[in-house]
Amino acid sequence: MSTFGFTTDHQPTWCPGCGDFGIWTSVKNAMNAMELGPDDVFFAYGIGCHGNMYNWMKTYGFAGLHGRSLPVAQGVKLAHHTMPVLCITGDGDCIGEGGNHFIHAAKRNADITVLLFDNQVYGLTTGQASPTARPGLKTKSTPHGVVDMPLSPAALAITAGATFVARGFAGDGKGLSDLIVKAVRHKGFSLVDILQPCVTFNKDFGYPWYREHIYDLNSTGYMPDNRVKAFDKAMEWGEKLPVGVFFEEERPAHTDQYEMLKKDILVKQPVVVDVESMLHEFI
């Protein structure tokens with residue numbers, strides 16, 4: 001199967017050099033590696049530059065409100081729990097406006113895969129600081145530099161109870177594609193926090209900076225089976241910046257808890273409504 005099976009007639013409008021291009025390619029390659037066609041998977045999109053992928057990714061998809069892509073993804077998973085559901089979201093959309101949804105989706109171990117485009121800014125609204133922005137970063141909303149500490153999507157997911165947490169880099173197509181495959185195949189809440197250069201509004205953290213600082217965590221002999229150690233690694237940021245799988249464990253997913261889903265997917269189950277009993281109960 002070719003990646004062209006996911007291509008629409010619309011051309012991307014991202015800035016030349018944007019990390020979104022690399023992520024987009026990695027997503028398509030991951031779908032092909034799992035032999036998933038456009039009709040086999042569902043994408044829920046947030047609001048932001050990442051969300052524009054809705055227009056040039058040929059799959060079932062829905063663009064939610066700002067910060068609300070995770071509730072959409074979870075609703076689709078309940079209706080069709082055997083279909084892979086991916087959430088395309090950003091550091092502002094998911095951790096800013098959607099932070100509460102993110103925490104509780106991880107807590108309940110919803111069987112969805114969150115691909116978080118993390119560039120430290122709100123790119124679509126021309127570069128304000130996001131919740132992941134590093135101290136000192138100068139943006140339109142922080143002209144003298146960010147003064148508060150950033151949130152770590154990976155550390156937040158680990159703390160909230162996610163069962164698969166990884167970090168990738170938009171400039172490493174093969175490595176990122178492999179991480180996405182692992183995340184989608186995992187049964188439970190999966191996060192891939194994707195370090196993504198914004199070449200227009202965040203020039204402090206470009207491709208050269210990331211390539212100089214990142215290292216493959218899993219090639220060091222690290223084992224992703226300890227939540228406390230995973231948290232420590234997720235918070236590591238400095239001369240060395242780890243990418244790879246921080247944490248993974250097996251735990252029943254949210255959709256595994258419902259007896260009615262063991263019969264069949266909800267969309268194939270008959271809807272039986274006893275109107276008389278409802279009227280008697282509520283009137």
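The first residue of the sequence shown is numbered 1, and numbering continues consecutively from there.
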- Tightest non-hydrogen contact, residues G19 and A170, listed as O-CB, 3.5 Å
- Can you name the ring-ring contact (aromatic ring centres under 6.0 Å, His included) partners of Y210, sequence neighbours left out? F169
- Query: If we ignore angles and hydrogens, is there a donor and acceptor under 3.5 Å between the side chains of S130 and D91?
  - Reply: yes
- Message: Side chains of D93 and H66 only: does a donor on one sit below 3.5 Å from an acceptor on the other?
- Response: yes
- Item | Short N-O contact, D178 and K174, less than 4.0 angstrom | yes
- Message: Keeping Q120 on the side-chain end and R134 on the backbone end, is there a donor-acceptor pair under 3.5 Å?
- Response: yes
- Rounded to the nearest 0.5 Å, what separation is found between the CD atom of Q196 and the SG atom of C18? 5.0 Å
- Under-4.0 Å salt bridge between R68 and E97: no
- Message: For the aromatic rings, using the six-membered ring if either is Trp, is the centroid distance between F42 and Y60 under 6.0 Å?
- Response: no
- Query: Which of parallel (below 30°), tilted (30 to 60°) and perpendicular (above 60°) describes W209 and H213?
  - Reply: parallel
- Item | Expected output: side-chain T142 to main-chain K138 donor-acceptor under 3.5 Å | no
- Query: Are H186 and K182 side-chain neighbours, meaning at least one heavy-atom pair lies under 4.5 Å?
  - Reply: no
- Message: Would you say CG of L65 has more than 12 non-hydrogen atoms from neighbouring residues, nucleotides or ligands within 6.0 angstrom?
- Response: no
- Item | N/O donor-acceptor pair under 3.5 Å between R227 side chain and I158 backbone | yes
- Task: Decide whether a cation-pi geometry holds between K58 and W56; the criteria are a distance under 6.0 Å from NZ or CZ to the six-membered ring centre and an angle within 45° of the ring axis.
- Result: no
- Task: Scan L156, D193, L115, T89 and name whichever one has a side-chain contact (heavy atoms from CB on, under 4.5 Å) with C94.
- Result: T89
- Task: Apply side-chain hydrogen bond (donor to acceptor under 3.5 Å, both in side chains) to D111 and T255, showing your working.
- Result: CA-CA 7 Å; D111 188 17; T255 44; 4.7 Å; no
- Query: Would M31 end up clustered with Y54 when hydrophobic side chains under 4.5 Å apart are linked, directly or stepwise?
  - Reply: yes
- Salt bridge flag under 4.0 Å for residues D256 and K187: yes
- Message: With heavy-atom distances below 4.5 Å as the criterion, would you say the side chains of E35 and D40 are in contact?
- Response: no
- Message: Can a donor-acceptor pair be found, under 3.5 Å and without considering hydrogens, that links the side chain of W14 to the backbone of C49?
- Response: yes
- Donor + acceptor pair across side chains of Q257, R108 (<3.5 Å): no
- Query: Cut-off 3.5 Å, side chains only: do K140 and T126 have a donor facing an acceptor?
  - Reply: yes
- Using the six-membered ring wherever Trp is involved, compare the ring planes of Y45 and F43 and label them parallel, tilted or perpendicular (cut-offs 30° and 60°). parallel
- Item | Residues S177 and N29: side-chain donor-acceptor under 3.5 angstrom | no
- Message: A quick test of your reading: do over 12 heavy atoms of other residues, nucleotides or ligands sit less than 6.0 Å from OH of Y215?
- Response: yes
- Are I112 and V184 connected in the hydrophobic side-chain network, where two residues link if heavy atoms are under 4.5 Å apart? no
